[in-house]
Each structure stands twice: as C-alpha cells, then as structure tokens.
Peer 1: 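Sharing a structure with you now.
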Amino acid sequence: MTAQKMEGEGGTAKEPERLQEDTVTENAKTGDDIAYSAIDPEEDALNASETIRDMAVGLVGCAVLLAAAGFVFAVGGDAVRWALGVLLGACVAGLMLRHLYVSVDRALDMDGEHASKYMKKSAVLRLLMAGAALAVSAFFPQVFHIFGVLLGVLCLKFTAYLQPLTHKAIKYLSKGR
C-alpha cells in the first residue's frame with residue numbers, strides 16, 4: 001500500500017479500521033480483486049463442534065485410564081474413592097470444556113475490548129469451578145480422593161494437548177463404518 005493511500009484528508013494517518021474500509025471501497029470502485037479469506041460460518045461451527053467432540057472423547061478416555069490405574073495401584077478401599085474422585089474431576093472438566101466453548105462463541109460476537117474482559121471473567125469462573133471440585137473433595141475425603149479429583153480436572157489439559165491425535169483416531173475409526 002502506498003503512502004498516499006495510508007494518509008487521509010489533511011495528511012493525517014487513518015485509523016486501521018477506517019483504512020481497511022476505504023481500501024475495500026477504493027478497490028471495489030476500480031474493479032481490483034480483493035484478496036482476503038472468507039470464512040464460512042457453517043464450516044467454522046462444524047470445525048469447532050468436531051474439536052469439542054474430540055476433546056470430550058479424549059476426556060472420557062483419560063478419565064477411564066486414570067480410574068483404571070487407581071483400581072490397579074490403590075490399596076484397600078482407596079480404589080473406589082480414587083475412581084469417584086476422578087469421576088468428579090472429569091465431570092467438572094466436562095463442564096469447564098462446555099463453558100469454554102460457549103464463552104469463545106459469545107466472545108467472537110463482541111468487539112475486542114468487551115471480548116477480552118468477558119474471556120477474563122470466564123477464565124476466572126472456570127478456575128472457580130476447578131476450585132469448587134477440589135473443595136468438595138477436601139470436605140468429603142471419605143468419598144472423594146483429592147488427587148483423583150485434581151487429575152480428573154487436569155484431564156482437560158491432557159486432552160487439549162492430545163486433541164490432534166484423538167481427532168486422527170476418531171477419523172480413522174469412523175472410516176471403517
């Protein structure tokens with residue numbers, strides 16, 4: 001873009017939003033091709049729902065593996081407490097995943113400043129959810145194993161890292177049908 005297009009009336013620089021709008025308008029008048037990527041909202045929503053599905057499947061798989069490990073390595077009645085702790089943590093992680101999806105979806109419809117504030121509030125709410133699960137396990141140690149709850153909540157982090165692998169596995173398994 002030339003310096004002439006970047007300067008507005010009176011030789012002052014235009015704001016970025018206004019500059020983009022003017023450039024698009026100028027290109028439309030002159031017939032120049034506008035090069036930008038158009039995002040199909042339906043395809044974008046499908047990709048987001050696939051990612052959430054992949055993460056949910058990974059979350060369940062991670063929770064099952066952790067609960068099974070608890071049954072193998074736990075001593076006495078701790079196996080049931082461990083499994084209940086992992087179950088509580090995984091349920092809270094599922095709620096946190098759903099909340100993350102809804103929060104991002106809503107934030108995309110907001111302007112930048114409001115979206116930033118909204119996402120910060122949403123992140124704090126998810127932290128409070130995790131804290132509440134740990135508090136429940138601390139208040140009821142005879143029912144929930146606190147480390148099981150912690151690892152159940154952390155399953156969300158594990159599944160986020162493993163989502164590409166989970167996606168490939170689901171795609172491979174669904175091809176056979």
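For clarity, every value in this text was computed on a predicted model and none was experimentally measured.
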Peer 1: Checking Trp82 side chain against Phe144 main chain: does a donor-acceptor pair fall under 3.5 Å?
Peer 2: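 Not a single qualifying donor-acceptor pair exists.
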
Peer 1: Could you list the residues that satisfy side chain to side chain contact (heavy atoms under 4.5 Å, CB included) with Leu154, not counting sequence neighbours?
Peer 2: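 Here the qualifying residues are Leu150, Leu151, Lys157, Phe158.
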
Peer 1: Side-chain heavy atoms nearer than 4.5 Å, only ILVMFWY residues, links allowed to pass through others: does that put Ile146 and Phe139 together?
Peer 2: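 They do share one cluster, since a chain of ILVMFWY contacts under 4.5 Å joins Ile146 to Phe139.
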
Peer 1: My understanding is that only residues two or more places apart in sequence, or in another chain, count here; which of them pass side chain to side chain contact (heavy atoms under 4.5 Å, CB included) with Leu156?
Peer 2: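 Side chain to side chain contact (heavy atoms under 4.5 Å, CB included) list for Leu156, sorted by chain: Met55, Ala93, Met96, Leu97, Thr159.
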
Peer 1: Quick one: side-chain hydrogen bond (donor to acceptor under 3.5 Å, both in side chains) pairs with a partner in residues 58-74, sequence neighbours left out?
Peer 2: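 Every candidate side-chain hydrogen bond (donor to acceptor under 3.5 Å, both in side chains) pair involving residues 58-74 fails, so no pair, neighbours aside, qualifies.
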
Peer 1: Within a 6.0 Å radius of atom OH on Tyr118, are there more than 12 heavy atoms belonging to other residues, nucleotides or ligands?
Peer 2: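 Enclosed.
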
Peer 1: Looking at His99, is its backbone amide N or carbonyl O close enough to the side chain of Ser103 to form a donor-acceptor pair, meaning the two atoms are under 3.5 Å apart?
Peer 2: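 Answer holds: yes.
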
Peer 1: Is any side-chain heavy atom of Ser122 closer than 4.5 Å to a side-chain heavy atom of Leu100?
Peer 2: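 No, side chains not in contact.
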
Peer 1: For Ile52 versus Tyr101, what's the shortest heavy-atom pair and its separation?
Peer 2: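 That would be CG1-CD1, 3.4 Å.
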
Peer 1: In this structure, would Val136 and Val149 fall into the same cluster of hydrophobic residues linked by side-chain contacts under 4.5 Å?
Peer 2: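 As far as the 4.5 Å side-chain criterion goes, Val149 and Val136 are connected within one cluster.
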
Peer 1: Roughly how far, to the nearest 0.5 Å, is the CZ atom of Phe140 from the CG atom of Leu88?
Peer 2: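 Atom-to-atom, Leu88:CG and Phe140:CZ are 11.0 Å apart.
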
Peer 1: With sequence neighbours excluded, give me every side-chain hydrogen bond (donor to acceptor under 3.5 Å, both in side chains) pair touching residues 54-71.
Peer 2: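 Listed by first then second residue: Asp54-Gln163, Asp54-His167.
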
Peer 1: Under 4.5 Å between side-chain heavy atoms, chaining through other members, with only Ile, Leu, Val, Met, Phe, Trp and Tyr counted: pull out the rest of the cluster around Leu127, sorted by chain and number.
Peer 2: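 So far as hydrophobic clustering goes, Leu127 is joined with none.
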
Peer 1: Got a sec, which residues hit side chain to side chain contact (heavy atoms under 4.5 Å, CB included) with Ala63, two or more places apart in sequence or on another chain?
Peer 2: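 Side chain to side chain contact (heavy atoms under 4.5 Å, CB included) check on Ala63 returns Val86, Ala90.
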
Peer 1: Does Leu66 share a hydrophobic cluster with Leu134, counting links as ILVMFWY side-chain heavy atoms below 4.5 Å and allowing steps through other members?
Peer 2: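 They do share one cluster, since a chain of ILVMFWY contacts under 4.5 Å joins Leu66 to Leu134.
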
Peer 1: Hydrophobic clusters here meaning ILVMFWY residues chained together by side-chain heavy-atom distances under 4.5 Å, can you tell me if Val80 and Phe147 are in one?
Peer 2: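 Looking at the clustering, Phe147 is in the same group as Val80.
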
Peer 1: Do you know the tightest heavy-atom contact between Val153 and Ala130?
Peer 2: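 Shortest heavy-atom separation between Val153 and Ala130 comes out as CG1-CB, 3.9 Å.
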
Peer 1: Taking side chain to side chain donor-acceptor pair (under 3.5 Å) as the definition, give me every residue that meets it alongside Thr166, ordered by chain and number, with sequence neighbours left out.
Peer 2: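 By the side chain to side chain donor-acceptor pair (under 3.5 Å) rule, Thr166 matches no residue at all.
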
Peer 1: Going by the salt bridge (charged side-chain N to carboxylate O under 4.0 Å, His left out) test, which pairs reach into residues 112-138, not counting sequence neighbours?
Peer 2: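 Only Glu113-Lys117 qualify under salt bridge (charged side-chain N to carboxylate O under 4.0 Å, His left out).
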
Peer 1: First locate atom CG of Leu95, then atom CG of Leu125, and finally report the distance between them rounded to the nearest 0.5 Å.
Peer 2: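 One finds 10.5 Å between CG of Leu95 and CG of Leu125.
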
Peer 1: Show your reasoning for whether side-chain contact (heavy atoms from CB on, under 4.5 Å) applies to Ile170 and Glu50.
Peer 2: CA-CA 10 Å; Ile170 290 172; Glu50 281 182 1; over 6 Å; no

Peer 1: Other than Leu128, what residues sit in its cluster of Ile, Leu, Val, Met, Phe, Trp and Tyr side chains whose heavy atoms are under 4.5 Å apart, directly or through others?
Peer 2: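 Under the 4.5 Å side-chain rule, Leu128 groups with Val124.
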
Peer 1: Got a second to check how far Leu108's CG is from Met119's CE, nearest 0.5 Å?
Peer 2: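 Rounded to the nearest 0.5 Å, the CG-CE separation comes out at 8.5 Å.
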
Peer 1: What residues join Val64 in its hydrophobic cluster, counting side-chain heavy atom gaps under 4.5 Å, either direct or through other members?
Peer 2: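 Same cluster as Val64: Val60.
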
Peer 1: Return each pair, listed once, that meets side-chain hydrogen bond (donor to acceptor under 3.5 Å, both in side chains) where at least one residue sits in residues 134-151; pairs must be two or more places apart or across chains.
Peer 2: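 side-chain hydrogen bond (donor to acceptor under 3.5 Å, both in side chains) check on residues 134-151 returns no pairs.
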
Peer 1: Which residue pairs pass the salt bridge (charged side-chain N to carboxylate O under 4.0 Å, His left out) test with at least one member in residues 97-110, sequence neighbours excluded?
Peer 2: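 Passing the test, one end in residues 97-110: no pairs.
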
